[in-house]
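All remarks here apply to the structure that follows.
Please read these numbers as outputs of a predicted model, since none were measured by experiment. Numbers restart at 1 for each chain; the letters A, B, ... are given by sequence-line order, proteins then strands.
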2 protein chains.
Amino acid sequence: MEKVTIRDIARLAGVSKSTVSLVINNSPRVDPETRGRVLAVITRHNYVPSATASALAKGRPPFISMIVPGLTWRLVAPLNYGVASVIERTPYEIILYTSTNDHDYAPVIDRMLASGLSAGVLVINQDQTMQPLLDLHAQGVPVVLINTLGSHFDLPSVEADNYEGAYGAVRHLLDLGHRRIASLAGPMTYPCCQDRQRGYQDALTEAGVPIDASLTQQSGFQPPTARELVRELLERADRPTAVFAHNDVTAYAAMDAAADRGLRVPEDLSVVGFDDIPSSAHVKPALTTVSQPFEAMGEHAARMLLAAISSESASSESASSESGEGSAPGGHGPPPARVHLPTTLIVRDSTGPAPS
Amino acid sequence: MEKVTIRDIARLAGVSKSTVSLVINNSPRVDPETRGRVLAVITRHNYVPSATASALAKGRPPFISMIVPGLTWRLVAPLNYGVASVIERTPYEIILYTSTNDHDYAPVIDRMLASGLSAGVLVINQDQTMQPLLDLHAQGVPVVLINTLGSHFDLPSVEADNYEGAYGAVRHLLDLGHRRIASLAGPMTYPCCQDRQRGYQDALTEAGVPIDASLTQQSGFQPPTARELVRELLERADRPTAVFAHNDVTAYAAMDAAADRGLRVPEDLSVVGFDDIPSSAHVKPALTTVSQPFEAMGEHAARMLLAAISSESASSESASSESGEGSAPGGHGPPPARVHLPTTLIVRDSTGPAPS
DNA sequence: CTGAAAGCGCTTACAG
DNA sequence: CTGAAAGCGCTTACAG
C-alpha cells in the first residue's frame, strides 16, 4: 500500500511527470489521447495529488479558513452547512479557527497568517475589532464577512435583509389587527438594529399607524432588561397588544413579562422575534420569528470568496503585463460587495389576532 | 513585505539552513549560543516556517481532521471549543469535514484520505456505518471517536458517563419523594440508552422501589411517539408522578403530554431529561436535565488523538530497530481506550416534590 | 503537444 | 555542534 506519486503515474502511463501535471491541472495543451491514457492510469490507481506538495510548488495554499468566534456558535451549524456545500466541490479544504477571545481575534489571525495556509478567509463577525481583518486584506488575502451585525466595513460581506425581515414581521402583526405595537430594540449602534427599527417604523407608517416613540424601548439585547421594560409597557393603560423584539432571546423575555403580568400569549399579547434560533421552536408558546437565511448566507459567502480568490490570483499575475487595474488590495476600486439575503417569517404560536 | 524563508533566517543569523531547521524543531544538539542567536533573528523577523513545506519534507501532515455529520451539529459548539482549546497549543490546525450524508461518511473519508492531510481524525459519531473509520485506522491514521451513542467499537473513544448520569437523575427524583417514576426510553439498540436504563433501574432498586416494567416506554427518541406514550401513562389510575426521559426533546414531549392532560409541571408531574441542549434552559418550565460534558469530551478526545499520533509516529520509526511492539494498526494490542466523563445534573424548574 | 530541469521551503541522513 | 547535499511531490518556464 505504498503511496502512489506523480512519478508512478508518469511511468505507468509512459509519459513525463510534466505531462501528468498538465493533465491534473486541466491544461488544454495536452493531446486528448494522451490525456485519456493518463486519466485512466490515475483512476485505476486511485491517485490523488499531494495537496501539500502542490501547494508548495504553486505557492498557493489549498485552504479556506473559517474564523468562528465563540459568541457566534449558535449560527455556525447552518452557516457551515452552506459553506461546506460549496467548498466540497472545490479542491479547497476548510480550516476551522475558533476564536476563544470574543472581542479580538487578532491572535487567531496572526496564527493563520503565519501558517500561510489560507487562500482566503471567511469570518463570522460579531462585535470584534476589525483592524486585523483589514490588515489581512491589505496583505492580499481575500476576506469575506458573514455580517451578523450589518456593520459597514470596507470588506465584502453577506448579511440578512434586516429591514425587510422587520418590515414583514410588523406587517404580519398589522394584518392581525394590531395597532399598538411595541419595538423591543437591540443596541442601536448595531446597523442591523437600525435596519430592523426602520422596517418596524416603515411598516407602521405605511399602514397609517402613527409612530408612538414611547413604544420603542432599548433592551440592549439583555433579557433581564427586556423583561423589565415590557413589564412596564404592559402596566400602562394604553398598553401595546403586540411586541416586535429585535431578537429571539429578548422575545422570550417579553413572553416572560406577559406571564409576570398574568397576560396570555398570544390572546392578550402577541410577540414576534428575530433570528429563529433553534430554541424558538420549543419555547411555549412556540415563537413567531424572522428566520435568518444562515445556510444561504454560508453558500453565498463561500462563492464570493472563491471568486475573490481567483480574481486575486489573476490580477497578481497580470499585474506586470497589464496596466495595474483591478481591485488589488490597497487599490481604490469599486466599493466591496454587500449582499443582502431575504429572510423568512416563521409564523408559530406566539402571535394571534389583536384583542378587541 | 516579501515572505521570509528559512534561507533568509540562515543568512541573517550567519548559519546554515540545517541549523535553523534544527533550532525550529528543538533539536538538543545545537549550541545554546547559536540557538539563541537564531531564535533572535526568527522573532525579529516574525518568521514562521511554511507548514506545507515542512509537511512535505517530513512526510507528516500538520492537520487534525474533525468529521462532523449533520445530525450532530447541536453538539459541535461546545465539543469544538474543547478540541480547539487543546489543539491551539500545538502546531496542528483543524480541518473541518462536514458530512452531508448522515448515515455514511465514506465519501468524506475518501476525500480526507486522498488529500493526505490528516495526521489524525476526530469523529463525532452518531449512527453511521463504522467500516470507513476502521479502514482509516487500519491504514495507520489514528482515530478517536466522540461517542455520542456509547457504542462499542474497536477504536478509542470518549463518551459521557450515561449510567451515572441517569442514576443521578433518578436519584434526584427519589429524593423529591417520587416513587412511581416512568422511563421514557430511547432506542434500546443504542448502548447509551441501555446504560441510561440501567442507571434508572439501579437507582430505583437501591432505593427499594420495585421495578414496574409497564412504566418503561420506548419512545424511539421520537417526540410525537413520546407525547402519545406519556399521555397514555398519565391516564392510568396509578399514573407516574415523574418521568425520566432519555433525552431532552422527548422530555419536552412529556411536558406537552402533561399539558394535554391538564396536569401541571412540576406540581403534578416532574420531568427530567438528558443532554442539556441549549433550548432546555428556555423551555417553560425550564428543564431539569443531565448535562453531557461536551467541552470536556472535546478536550479529552483531542489529547487522546495527539497521544495516538505521537506514539504512532514513534512506533513506525522504531518498527525496524525494536521488536515490533506497540499498538501498531492491525496489531492486536490492548483494547482501545474508552473514557467515560462525568455528567452533571442541572436542576431547573421541571422537577419538584412528589404530590401527596 | 511533450519532456528535462530547476525550483517551491523545508528536513534529514551523512560527513566533518 | 554545524554544514553541504539530496530529497519530499508537485509545477512551471523553457526547449524542442
Side-chain angles (χ1 to χ4, degrees), chain A residues 2-39 41-42 45-63 91 114-117 119 313 316-317 320-321, chain B residues 2-39 41-42 45-63 91 114-117 119 313 316-317 320-321:
Chain A
E2 270 307 291
K3 176 141 207 161
V4 21
T5 73
I6 199 174
R7 188 207 311 282
D8 303 317
I9 300 300
R11 185 165 30 77
L12 292 165
V15 296
S16 71
K17 292 191 304 173
S18 316
T19 301
V20 175
S21 179
L22 292 176
V23 170
I24 291 168
N25 293 287
N26 291 309
S27 166
R29 37 195 253 288
V30 174
D31 181 277
E33 195 274 323
T34 314
R35 154 181 233 86
R37 191 151 38 96
V38 173
L39 247 22
V41 177
I42 285 179
H45 292 267
N46 254 309
Y47 166 70
V48 184
S50 151
T52 48
S54 92
L56 179 56
K58 283 191 169 133
R60 202 177 340 132
F63 299 100
S115 70
L117 257 22
S313 55
S316 62
E317 273 168 26
S320 42
S321 57
Chain B
E2 271 307 294
K3 175 140 210 165
V4 21
T5 74
I6 198 173
R7 187 206 314 279
D8 303 318
I9 301 301
R11 185 165 30 77
L12 292 165
V15 296
S16 70
K17 292 190 305 172
S18 316
T19 301
V20 177
S21 178
L22 292 177
V23 169
I24 291 167
N25 293 286
N26 291 310
S27 166
R29 37 195 253 287
V30 174
D31 181 278
E33 195 273 322
T34 314
R35 151 181 236 87
R37 191 153 35 96
V38 173
L39 248 21
V41 177
I42 285 179
H45 292 267
N46 254 309
Y47 167 70
V48 184
S50 149
T52 49
S54 95
L56 178 57
K58 282 191 169 134
R60 203 175 341 129
F63 299 100
S115 70
L117 256 23
S313 55
S316 60
E317 272 168 26
S320 42
S321 57

query = Would a 4.5 Å heavy-atom cut-off, applied to side chains only, mark L12(B) and H45(B) as touching?
reply = yes
key: Side-chain donor-acceptor pair present, S21(A), S18(A), cut-off under 3.5 Å   = no
key: I9(B) CD1 to dG3(D) C1', straight-line distance once rounded to whole Å   = 18 Å
task = Send over the distance from R11(B) CZ to dT2(D) P, rounded to a whole Å.
result = 19 Å
message = Without decimals, in angstroms, what is the distance between R35(B) CZ and dG3(D) C1'?
response = 18 Å
task = With a 3.5 angstrom cut-off on both distances, give the Watson-Crick or G-U wobble partner of dA13(C), or none if there isn't one.
result = none
note = Walking DNA chain C from its 5' end, the first of V30(A) and Y47(B) to be reached, judged by nearest nucleotide, is V30(A)
request  = Return the nearest nucleotide to the side chain of T34(A); candidates are dC8(D), dC1(C), dT2(D).
outcome  = dC1(C)
remark   = Whole-Å distance, I24(A) CD1 to dT11(D) C1', equals 10 Å
query = I6(B) has an atom CD1; how far is it from atom P of dG3(D), in whole Å?
reply = 12 Å
inquiry  = What's the closest nucleotide to the side chain of S18(A) if the choices are dT11(D), dT2(D), dG3(C)?
reply    = dG3(C)
query = K17(A) NZ to dA13(D) P: how many Å, rounded?
reply = 16 Å
task = Look at the side chain of D31(B) and decide which nucleotide, out of dG3(D), dT2(D), dT11(C), has an atom nearest to it.
result = dT2(D)
query = Base, sugar-phosphate, or nothing: which does T5(A) touch, judged by heavy atoms less than 4.0 Å apart?
reply = sugar-phosphate
remark   = Atom CG of L22(B) and atom P of dC1(D) are separated, to the nearest Å, by 11 Å
inquiry  = Pick the closest DNA chain D nucleotide for S16(B) and for R7(A) by heavy atoms, then say which residue is nearer the 5' end.
reply    = S16(B)
ask   = With respect to the phosphate group of dG3(C), does any side-chain polar atom (N or O) of T19(A) fall under 4.0 Å of OP1 or OP2?
value = yes
task = Take S54(A) and P32(B), find for each the nucleotide of DNA chain D with the closest heavy atom, and name the residue whose nucleotide sits nearer the 5' end.
result = P32(B)
task = Identify the two heavy atoms, one from I6(B) and one from Y47(B), that lie closest to each other, and give their separation to 0.1 Å.
result = CB-OH, 3.6 Å
remark   = Closest to the side chain of R29(A), out of dC8(C), dC10(C), dC1(C), is dC1(C)
task = Answer yes or no: is there a donor N or O on one side and an acceptor on the other, between the side chain of N25(B) and the main chain of S27(B), under 3.5 Å?
result = no
note = Checking dT11(D), dT12(C), dC8(C) against the side chain of K58(B) (C-beta onward), the nearest is dT12(C)
inquiry  = Strictly by Watson-Crick or wobble contacts shorter than 3.5 Å, is anything paired with dA4(C), and which nucleotide is it?
reply    = none
task = Write down the atom of A13(A), the atom of R37(A), and the distance for their closest heavy-atom approach.
result = O-NH1, 2.6 Å
inquiry  = Measure CG/L56(A) against P/dC8(D) and give the value in whole Å, please.
reply    = 14 Å
ask   = What are the two closest non-hydrogen atoms of F63(B) and L117(A), and how far apart are they?
value = CZ-CD2, 3.6 Å
query = So what does V20(A) touch, heavy atoms closer than 4.0 Å: a base, only the sugar-phosphate, or nothing?
reply = nothing
